[in-house]
Amino acid sequence: MPMYQPSMVVGFEGGGDGQILDLDTAVKDGVLGGGVVGSGGVGVGGEKLDLRKMIQELELCEVPSVFICPISLEPMQDPVTLCTGQTYERNNILKWFNLGHLTCPTTMQELWDDSITPNTTLYRLIYTWFSQKYLLMKKRSEDVQGRASELVDTLKKVKGQARVHALKELHQVVAFHATARKSVIDEGGVSVLCSLLGPFTSYAVGSEVIGILVSLTLDSESKKNLMQPAKISLMVDILNEGSIETKINCTRLIESLIEEKDFRSEIISSHSLLVGLMRLVKDKRHSNGICPGLSLLKTVCFYKEVKILLVSIGAVSQLVELLSGMDHDCLELALCVLDSLSSIPEGRVALRDCVNTIPIMVRFLMRISETCTQYALSILWSVCKLAPEECSAIAIDAGLAAKLLLVIQSGCNPILKQQSAELLKLCSLNYSDTIFISKCKLTRTIQ
């Protein structure tokens with residue numbers, strides 16, 4: 001039976017001159033990876049590396065096409081060759097045969113011999129190539145872990161610009177390497193970083209520390225440490241002063257702290273925090289900060305005292321005016337915040353006093369998503385219930401009745417349908433049936 005004879009590996013890494021090489025030569029000369037691994041595919045401790053494990057852990061996007069099984073389009077671990085000269089992963093070609101096929105999957109030629117031959121040359125080439133990549137990855141990972149540990153030790157000793165430089169480097173390392181993040185945690189780096197935050201911390205140090213901490217998985221003890229008023233106050237100050245990246249990091253770190261069961265609401269009942277978040281949400285130059293800012297606003301609105309403070313700084317009218325320009329994800333968050341604010345009297349009054357609240361909420365019904373419809377409907381109910389005569393007339397003129405009928409006739413949540421029916425009834429109380437239908441211009445809709 002003829003062995004697999006692509007016998008030519010052209011232009012791969014290390015072989016860019018386009019010369020034709022057989023697979024044995026490729027393995028010998030290292031055409032697909034810059035030389036044969038000196039360890040012969042042996043890992044730490046002398047154990048032989050497992051090809052399956054290497055393929056899974058590397059998750060490489062670009063693998064030489066000669067290594068790919070034509071059936072699964074995955075790297076081969078046990079390549080075998082058919083009589084046609086085509087090579088496949090053993091399990092894949094056996095499944096092909098078990099389905100009753102007596103042809104070559106690639107060429108569709110009928111097989112005059114159904115035996116399969118292990119392609120040991122290609123296997124050695126695949127194994128060598130992946131071994132090189134895997135050992136290089138491990139070496140880099142160990143180097144990164146070591147460097148992260150060194151930087152944590154450095155931070156215990158240095159001050160001033162040396163501290164800032166060490167923090168900047170550590171920030172870069174943890175941002176790109178999971179092993180570095182683990183090393184920082186294992187070496188007690190979180191407590192070292194937390195100790196650097198306080199009332200006299202400079203912006204240069206604070207912004208880097210926050211950028212590092214937000215990349216780490218913090219335990220409850222670390223979060224309790226960060227919940228100290230002086231540390232929260234520093235985060236709020238940096239949120240108001242920092243770059244867009246730093247502002248986003250601050251919002252995410254504060255949000256992670258609020259999720260702790262021991263969190264005290266008075267820590268975030270801060271005029272400065274809410275003003276900073278609203279600035280972030282309104283910053284059209286940096287749209288990547290809108291969703292993180294809204295997400296934290298949604299979280300802090302769980303607390304009544306924060307809702308009252310948020311209404312007092314004019315957040316309701318500002319958020320309503322921003323709604324039309326938001327993408328779907330941000331819009332859902334903003335509507336959630338407004339719905340939360342509508343649960344307190346101050347919020348309902350602010351929504352009623354904003355001239356665009358009702359027209360905008362009517363427009364969002366049955367337009368974006370069921371969740372957005374739910375929030376918009378809840379807000380409309382709160383406002384119309386507060387001032388039925390005044391707000392119902394505005395809502396009807398904005399086309400609310402037709403939208404509510406669409407909700408009622410749709411396949412959405414039964415609760416939404418019930419709320420729509422109740423709101424429609426509320427809006428119709430001041431009219432006779434004939435006048436209501438005429439005023440709402442429902443004739444065409446009903447027909």
Practice task
Using atom types as modelled and distance alone, determine if a side-chain donor or acceptor of Gln318 lies under 3.5 Å from a backbone N or O of Gly314.
Solution key: yes
Please list every donor-acceptor pair under 3.5 Å in which a side-chain atom of residues 347-365 meets a protein atom from a residue at least two apart or in another chain.
| unit_1 | atom_1 | unit_2 | atom_2 | d |
| --- | --- | --- | --- | --- |
| Arg348 | NH1 | Ser342 | O | 3.0 |
| Arg348 | NH1 | Ser343 | O | 3.4 |
| Asn356 | ND2 | Glu321 | OE1 | 3.3 |
| Asn356 | ND2 | Glu321 | OE2 | 3.0 |
| Thr357 | OG1 | Leu351 | O | 2.8 |
| Thr357 | OG1 | Cys354 | O | 3.3 |
| Arg363 | NH2 | Ser324 | OG | 2.8 |

Problem - Arg252: partners by salt bridge (Lys or Arg N to Asp or Glu O under 4.0 Å), with sequence neighbours left out - result: none
For residues 208-219, dump all side-chain donor-acceptor pairs below 3.5 Å to protein atoms at least two apart in sequence or in another chain.
| unit_1 | atom_1 | unit_2 | atom_2 | d |
| --- | --- | --- | --- | --- |
| Glu208 | OE1 | His171 | ND1 | 2.8 |
| Glu208 | OE2 | Lys168 | NZ | 3.2 |
| Ser215 | OG | Gly211 | O | 3.2 |
| Asp219 | OD1 | Glu221 | N | 3.4 |
| Asp219 | OD1 | Ser222 | N | 2.8 |
| Asp219 | OD1 | Ser222 | OG | 2.7 |

Completion exercise
Residue pairs passing the salt bridge (Lys or Arg N to Asp or Glu O under 4.0 Å) test with at least one member in residues 182-203, sequence neighbours excluded, are Lys182-Asp186
Problem - Contact check, side chains of Leu197 and Val205, non-hydrogen atoms, under 4.5 Å - result: no
Practice task
Kindly write out the residues that satisfy side-chain hydrogen bond (donor to acceptor under 3.5 Å, both in side chains) with Tyr88, not counting sequence neighbours, or none if the list is empty.
Solution key: Thr106
Handout entry: Heavy-atom neighbours of Lys417 NZ exceed 12 at 6.0 Å
Key = yes
Practice task
Any chance you could lay out the side-chain contact (heavy atoms from CB on, under 4.5 Å) test for Tyr127 and Met54, step after step, and finish with the verdict?
Solution key: CA-CA 9 Å; Tyr127 187 87; Met54 291 190 290; 3.8 Å; yes
Exercise for the section: Say whether, by atom type as modelled, one donor and one acceptor occur between the side chain of Ser183 and the main chain of Thr179 under 3.5 angstrom. Expected result: no
Completion exercise
By side-chain contact (heavy atoms from CB on, under 4.5 Å), Tyr203 pairs with (sequence neighbours left out) Ser207, Ile238, Glu241, Ser243, Thr246
Practice task
Sequence neighbours left out, what passes salt bridge (Lys or Arg N to Asp or Glu O under 4.0 Å) with Glu150? Give chain and number order.
Solution key: Arg147
Completion exercise
For Lys53, the side-chain hydrogen bond (donor to acceptor under 3.5 Å, both in side chains) test, sequence neighbours excluded, returns none
Just distance, no hydrogens or angles: give the donor-acceptor pairs under 3.5 Å from side chains in residues 270-280, sequence neighbours left out.
| unit_1 | atom_1 | unit_2 | atom_2 | d |
| --- | --- | --- | --- | --- |
| Ser270 | OG | Ser272 | N | 3.3 |
| Ser270 | OG | Leu273 | N | 3.1 |
| Ser272 | OG | Asn240 | ND2 | 3.2 |
| Arg279 | NH1 | Asn240 | OD1 | 3.2 |

Exercise for the section: Examine distances only and state if a side-chain atom of Gln228 and a backbone atom of Asn225 form a donor-acceptor pair shorter than 3.5 Å. Expected result: yes
Problem - Pair Leu151-Leu167, side-chain contact (heavy atoms from CB on, under 4.5 Å): steps then yes or no - result: CA-CA 8 Å; Leu151 289 168; Leu167 286 168; over 6 Å; no
Practice task
May I ask you to test the Phe130-Pro75 pair for a side-chain heavy-atom distance under 4.5 Å?
Solution key: yes
Handout entry: Beyond-backbone contact of Val173 with Val184, side-chain heavy atoms, under 4.5 angstrom
Key = no
Donor-acceptor pairs are to be reported for all side-chain atoms of residues 284-299 against protein atoms at under 3.5 Å, with residues two or more places apart or in another chain.
| unit_1 | atom_1 | unit_2 | atom_2 | d |
| --- | --- | --- | --- | --- |
| Arg285 | NE | Asp283 | OD1 | 3.3 |
| His286 | ND1 | Asp283 | OD2 | 3.0 |
| Ser295 | OG | Glu255 | OE1 | 3.2 |
| Ser295 | OG | Glu255 | OE2 | 2.9 |
| Thr299 | OG1 | Glu255 | OE2 | 3.0 |
| Thr299 | OG1 | Ser295 | O | 3.0 |

Problem - Contacts of Asp50 that satisfy salt bridge (Lys or Arg N to Asp or Glu O under 4.0 Å) - sequence neighbours left out - result: none
Handout entry: Contact check, side chains of Met235 and Leu257, non-hydrogen atoms, under 4.5 Å
Key = yes
Practice task
Look at the side chain of Ser340 and the backbone N and O of Cys301, then say whether any donor-acceptor pair between them is shorter than 3.5 Å.
Solution key: yes
Practice task
Classify the ring geometry between Phe67 and Trp129 as parallel (under 30°), tilted (30 to 60°) or perpendicular (over 60°).
Solution key: perpendicular
Practice task
Run the numbers on Ser312 and Glu346 for side-chain contact (heavy atoms from CB on, under 4.5 Å), then give the verdict.
Solution key: CA-CA 8 Å; Ser312 72; Glu346 298 88 344; over 6 Å; no
Exercise for the section: May I ask you to test the Asp339-Leu335 pair for a side-chain heavy-atom distance under 4.5 Å? Expected result: no
Handout entry: Thr373 side chain to Ser369 backbone, donor-acceptor under 3.5 Å
Key = yes
Handout entry: Beyond-backbone contact of Met76 with Ile68, side-chain heavy atoms, under 4.5 angstrom
Key = no
Practice task
Go through the structure and list residues passing side-chain contact (heavy atoms from CB on, under 4.5 Å) with Asn92, not counting sequence neighbours.
Solution key: Cys69, Ile71, Ser72, Glu89
